[in-house]
Amino acid sequence: QVQLVESGGGLVQAGGSLRLSCAASGSIFSIANMGWYRQGPGSQRELVALITNEESTNYADSVKGRFTISRDNANNTVYLQMNSLKSEDAAVYYCSAVVRSMPGSGPLSRYWGQGTQVTVSS
């Protein structure tokens with residue numbers, strides 16, 4: 001099993017910044033993609049940012065230029081630096097990782113963190 005533990009959420013004023021962290025642990029041989037998703041009230045979960053094991057990144061249009069995703073492969077950790085936060089960024093943010101638990105060409109499995117709340121006050 002693999003566990004993802006997020007931290008860094010909280011309350012911030014509009015225009016402010018937060019940095020989310022997510023550490024993966026457990027049965028990990030390698031991690032392919034890592035990403036951040038969010039879900040606001042009454043909304044579906046949406047992709048915010050994605051980073052591959054080769055550190056190629058992809059962002060939702062709504063956060064481009066404001067959010068930066070990065071990863072520390074040595075510590076199986078992914079970060080999301082969020083700047084110039086807006087009220088519409090308020091949501092529960094979830095970390096996701098696609099993990100291979102066995103060496104070789106074993107199966108990949110997606111795991112999710114428990115979510116961390118980001119609240120933006122205007």
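What you see below is based on every heavy atom in this structure, not just the backbone, and it leaves out hydrogens, waters and symmetry mates.
- Both Tyr111 and Ile31 are assigned to one and the same hydrophobic cluster, defined by single-linkage of ILVMFWY side chains at heavy-atom distances under 4.5 Å.
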message: Does Trp112 form a side chain to side chain contact (heavy atoms under 4.5 Å, CB included) with Arg45? I'd like the steps, not just the answer.
response: CA-CA 12 Å; Trp112 293 92; Arg45 191 173 298 188; 3.3 Å; yes

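- Once rounded to the nearest 0.5 Å, the distance linking CD of Gln13 with OG1 of Thr119 reads 13.0 Å.
- Atoms CE and OG, on Met102 and Ser30 in that order, are 11.5 Å from each other to the nearest 0.5 Å.
- Atom CE of Met34 sits about 11.0 Å away from atom CZ of Arg110, to the nearest 0.5 Å.
- By the rule that hydrophobic residues join a cluster once side-chain heavy atoms approach within less than 4.5 Å of another member, Tyr94 and Val2 end up as members of separate clusters.
- In the hydrophobic cluster analysis, where Ile, Leu, Val, Met, Phe, Trp and Tyr join through side-chain heavy atoms closer than 4.5 angstrom, Leu80 is grouped together with Val12.
- When atom types are taken as modelled, the side chain of Asp72 and the backbone of Ala74 share a donor-acceptor pair closer than 3.5 angstrom.
- Counting heavy atoms from C-beta outward, Val92 and Gln114 have side chains that stay 4.5 Å or more apart.
- Residues Val48 and Leu50 do not share a hydrophobic cluster, defined by chaining ILVMFWY side chains whose heavy atoms lie under 4.5 Å apart.
- Shown here for Ala91 and Gln117, the closest heavy-atom pair between the two residues is O-NE2, 3.4 Å.
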- prompt: Glu88 and Ser62: side chain to side chain contact (heavy atoms under 4.5 Å, CB included), yes or no, with the steps?
  reply: CA-CA 9 Å; Glu88 52 262 43; Ser62 59; over 6 Å; no

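- Here the CD-CD distance, from Glu46 to Gln44, works out to 9.5 Å after rounding to the nearest 0.5 Å.
- Under the 3.5 Å distance criterion, with hydrogens and angles disregarded, no donor-acceptor pair is assigned to the side chains of Thr52 and Asn33.
- Checked by atom type and distance alone, the side chain of Tyr59 pairs as donor or acceptor with a backbone atom of Ile69 at under 3.5 Å.
- The distance from atom CG of Leu85 to atom OG of Ser122, rounded to the nearest 0.5 Å, is 13.0 Å.
- When hydrophobic clusters are built by joining Ile, Leu, Val, Met, Phe, Trp and Tyr residues whose side-chain heavy atoms come closer than 4.5 Å, directly or via intermediates, Val118 is grouped together with Trp36.
- Side-chain contact between Val99 and Leu108 is absent, with no heavy-atom pair separated by less than 4.5 Å.
- The heavy-atom pair separating Asn83 from Ser17 by the smallest distance is OD1-OG, 2.9 Å.
- Every residue meeting the side-chain contact (heavy atoms from CB on, under 4.5 Å) condition with Glu55, not counting sequence neighbours, appears here in chain and number order: Ile51, Arg71, Asn73.
- The side-chain heavy atoms of Ser70 and Gln81, taken from C-beta on, include no pair separated by under 4.5 Å.
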task: Kindly indicate, with the supporting measurements, whether the criterion side chain to side chain contact (heavy atoms under 4.5 Å, CB included) is fulfilled by Arg66 and Asp89.
output: CA-CA 11 Å; Arg66 300 188 298 120; Asp89 295 318; 2.7 Å; yes

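- In this structure a side-chain-to-backbone donor-acceptor pair under 3.5 Å is present from Thr77 to Asn75.
- Leu20 contributes atom CG, which lies 8.0 Å from atom OG of Ser7 (distance to the nearest 0.5 angstrom).
- Residues Ser101 and Ser27 share a closest heavy-atom pair of OG-O, 2.6 Å.
- Here the side chain of Glu6 pairs a donor or acceptor atom with the backbone of Cys95 at under 3.5 angstrom.
- Between Tyr93 and Phe67, the two ring planes are tilted [angle within 30° to 60°].
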